[in-house]
Structure formats: C-alpha cells, structure tokens
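Report on the following structure.
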2 protein chains.
Amino acid sequence: MVDSTDKKLLDILKENSRLSFADLGRKINLSPSSVRERVQKLEEEGVIKKYDIQINNKLIGYDLEAFILLKVFPGKLKYVINKVNEFPEITVAHRITGNQNIHLKVVVENQLRLQKLLDKLMQFGDTNTFLILSEITK
Amino acid sequence: MVDSTDKKLLDILKENSRLSFADLGRKINLSPSSVRERVQKLEEEGVIKKYDIQINNKLIGYDLEAFILLKVFPGKLKYVINKVNEFPEITVAHRITGNQNIHLKVVVENQLRLQKLLDKLMQFGDTNTFLILSEITK
DNA sequence: TTTGAAAATAGACAACT
DNA sequence: AGTTGTCTATTTTCAAA
C-alpha cells in the first residue's frame with residue numbers, strides 16, 4: 001500500500017519529476033536507495049503511470065487549446081474511441097457520464113485547424129466546444 | 001526558435017521525462033552535451049513548464065474524477081479564480097469561452113466528497129458535472 | 001532501510017565547426 | 001549558433017547486511 005512517505009514522494013514528483021533520488025531523499029530524510037526502492041515500487045504498482053512534461057504550446061506555434069464535448073451518434077462509440085488515436089490534435093480523451101459521452105482536450109495551431117478538426121469530429125457526433133482562454137495556476 | 005530536433009526531444013520527454021541526457025542523445029543521435037544545451041534552453045524559454053508525473057489516482061484511494069463546468073455568478077469571477085487554490089480536489093482549472101466560464105478537473109475519494117465539493121462550488125455559480133468513466137489511452 | 005563500491009550521468013567549461 | 005570532448009562531483013545501481 002501507499003503510505004504517507006509515498007504520498008510525500010508523489011507530491012514532490014508532481015512538482016518536479018526530474019529530481020534525483022538523492023534530492024528526494026534530502027527532502028524527506030531518507031537514503032537515496034530507500035527512495036529508489038519506493039519510487040520503483042510505485043512504478044511497478046502502476047501508481048506512477050508516466051513521467052511527462054508540461055509544455056507551453058503557444059511558444060511552439062500551437063496557439064489554440066480547447067475542450068470538446070462529443071455526443072457520439074448511437075452505435076458509433078467503439079468506432080470513435082479507436083479513431084481518437086488518429087488525431088494528433090487530441091491530447092487527452094475521456095469517457096464521461098451525461099448527455100455527451102466523450103470529453104476531449106485538443107491543441108491546434110490556429111482557428112482554421114480547429115475548424116477542420118471540428119468538421120471531422122462532426123461526422124462522429126454532435127460537438128460542443130469551449131476555447132481555453134488561460135490556465136488558472138494553482 | 002524551436003526546431004525539429006527540439007520537437008523530437010519534447011515528444012520523447014512527453015513520454016518519459018526521466019530519461020538521462022545520454023539516453024535522449026542516443027535516441028536522436030546527439031551528444032549528451034548537446035541534448036543538455038537544448039533542454040536547458042527549452043526550460044529557460046519556458047517551453048518546458050514543468051516536469052511532472054501522471055498518477056493512477058484510483059490506486060491511492062481517490063476513486064472519483066470529474067470535470068465540472070462552472071458558470072460563475074456575475075461579478076464573482078476574480079474572487080472565484082483566487083478561491084480555486086484553496087481546493088486540493090481541483091487539480092486543473094481553466095478559463096473558457098462559452099456559456100460557462102470555468103472548467104475544472106477534480107479528483108476526490110468518493111461520491112460523498114464530490115457532493116461536498118459541489119455544495120461549496122454552488123456558492124460561486126451554476127455547476128455542470130461530468131463524471132470521468134475512463135481515460136481513452138492514445 | 002541502510003551501507004558500500006563500481007558504473008553511469010550531470011554539470012561546467014574550453015574548443016571546435 | 002550549435003555542437004562536442006574533457007573533467008570532476010554527484011548520482012545511480014545493485015549486492016549485502
């Protein structure tokens with residue numbers, strides 16, 4: 001199970017996942033080896049799914065981000081779920097409860113690209129789009 | 001500017017941000033030093049905002065995830081944006097266009113916790129909640 | 001969980017192209 | 001400019017306690 005030490009490690013890694021085991025150990029008064037053991041176990045158990053980075057997409061030419069709610073046409077859900085992989089613009093996809101059944105986060109260069117994406121998605125179901133104005137930083 | 005080599009690095013780091021500069025270099029045929037230079041510049045420019053981890057919340061006792069659209073009461077927006085920080089359940093918050101103006105992702109232990117959170121959020125505005133059933137993996 | 005020791009890497013700097 | 005080699009300090013890794 002995940003104890004309070006593990007939770008501390010997870011919290012720290014959430015803020016900076018590139019810290020060395022030595023640094024992590026210093027922060028929570030544990031030897032590097034012990035930290036390594038714990039982190040490795042968290043990986044094996046699947047608690048840590050992935051080490052990744054947060055990118056400022058605007059700085060690399062992707063100026064538009066949006067959430068799209070998709071109400072998939074009856075009987076097409078499985079098909080659409082598979083199709084999701086083929087869209088590089090879709091960065092995260094979730095199945096959700098409610099009137100719509102799929103929630104997407106998309107990142108595109110500009111409005112034209114979003115329009116083209118929506119044209120395609122409209123073949124799968126009804127779309128409801130919310131442009132992202134900014135992230136509220138915590 | 002960000003060239004194609006940088007984009008490759010970003011793509012790789014998005015999948016595994018704990019790789020060493022040496023490993024990154026092996027993947028794209030570049031020396032560790034060069035990789036280090038590039039990654040450091042990407043950090044300085046703000047392209048890489050953060051190194052973080054993706055956690056399987058269900059495995060640590062947080063069984064419920066949801067998206068919440070919030071239509072904040074008139075004149076209360078700034079107040080609410082500041083309040084967001086006080087909710088540990090809120091993992092990401094965005095300002096969005098449309099009928100609602102804030103999009104939240106929340107992680108809670110169970111339905112009761114969600115209910116309590118919604119009770120509080122309802123003081124700020126009208127809520128629209130979508131439970132997350134699963135993530136569609138890419 | 002800790003210690004210890006070998007292998008690998010990080011970080012800094014000078015030099016090269 | 002971007003890239004590379006070299007150097008040392010630090011870290012990772014793994015065995016053993």
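A note on names: the letters A, B, ... follow the listed sequences, proteins ahead of strands, and every chain is numbered from 1.
- One can place NZ of A:Lys27 at 13 Å from P of D:dT11, the figure rounded to the nearest angstrom.
- Using a 4.0 Å heavy-atom criterion, one finds that B:Arg38 contacts the sugar-phosphate atoms exclusively.
- Atoms CG (B:Leu9) and C1' (D:dT3) sit 14 Å apart, rounded to a whole Å.
- Between B:Glu15 and B:Lys27 no salt bridge is recorded (no basic side-chain N to carboxylate O distance below 4.0 Å).
- When both distances must be under 3.5 Å, the Watson-Crick or G-U wobble mate of C:dA12 is D:dT6.
- Ionic pairing of A:Glu86 and A:Lys83 is present here: one or more N-O contacts between side-chain nitrogen and carboxylate oxygen are shorter than 4.0 angstrom.
- Each of B:Phe21 and A:Asp3 has a nearest nucleotide on DNA chain C; the 5'-most of these lies closest to A:Asp3.
- Residue contacts shown for B:Ser34 include a base, since a base heavy atom lies under 4.0 Å away.
- Nearest nucleotide to the side chain of B:Arg36, out of C:dT9, C:dG11, D:dT11: C:dG11.
- For D:dG2, the OP1/OP2 oxygens have a side-chain nitrogen or oxygen of B:Lys41 closer than 4.0 Å.
- A ring-centre distance under 6.0 Å is not found for A:His94 and B:Phe130.
- No hydrogens or angles were tested; on distance alone, nothing pairs the side chain of A:Ser33 with the base of D:dT13 as donor and acceptor under 3.5 Å.
- Minimum atom distance to the side chain of B:Leu30 is reached by D:dT3, of the listed D:dT3, C:dT1, C:dT2.
- Computed from coordinates, the A:Leu19 CG to C:dT9 C1' distance equals 16 Å when rounded to whole Å.
- Atom CG of B:Leu24 is separated from atom P of C:dT9 by 11 Å (rounded to the nearest Å).
- One finds a salt bridge joining A:Arg26 and A:Asp23 here, because a Lys/Arg side-chain nitrogen approaches an Asp/Glu carboxylate oxygen to under 4.0 Å.
- Searching all strands for a Watson-Crick or G-U wobble partner of D:dT13 with both distances below 3.5 Å returns C:dA5.
- With rounding to whole Å, B:Ile28 atom CD1 is found 12 Å from D:dT3 atom C1'.
- Distance CD (B:Glu44) to C1' (C:dG11): 13 Å, rounded to an integer number of Å.
- With respect to A:Glu135 and B:Lys49, a salt bridge is recorded, a charged nitrogen being found less than 4.0 Å from a carboxylate O.
- Distance A:Asn16 CG to C:dA10 C1': 15 Å, rounded to the nearest Å.
- The 5' end of DNA chain D is approached more closely, in terms of each residue's nearest nucleotide, by B:Glu37 than by the other of B:Glu37 and A:Glu37.
- When each of C:dT9, D:dT11, C:dG11 is scored by its nearest atom to the side-chain atoms of A:Ala22, the top-ranked nucleotide is D:dT11.
- Annotation: of the two residues near DNA chain C, A:Arg18 and A:Ser31, the 5′-most nearest-nucleotide partner is A:Ser31.
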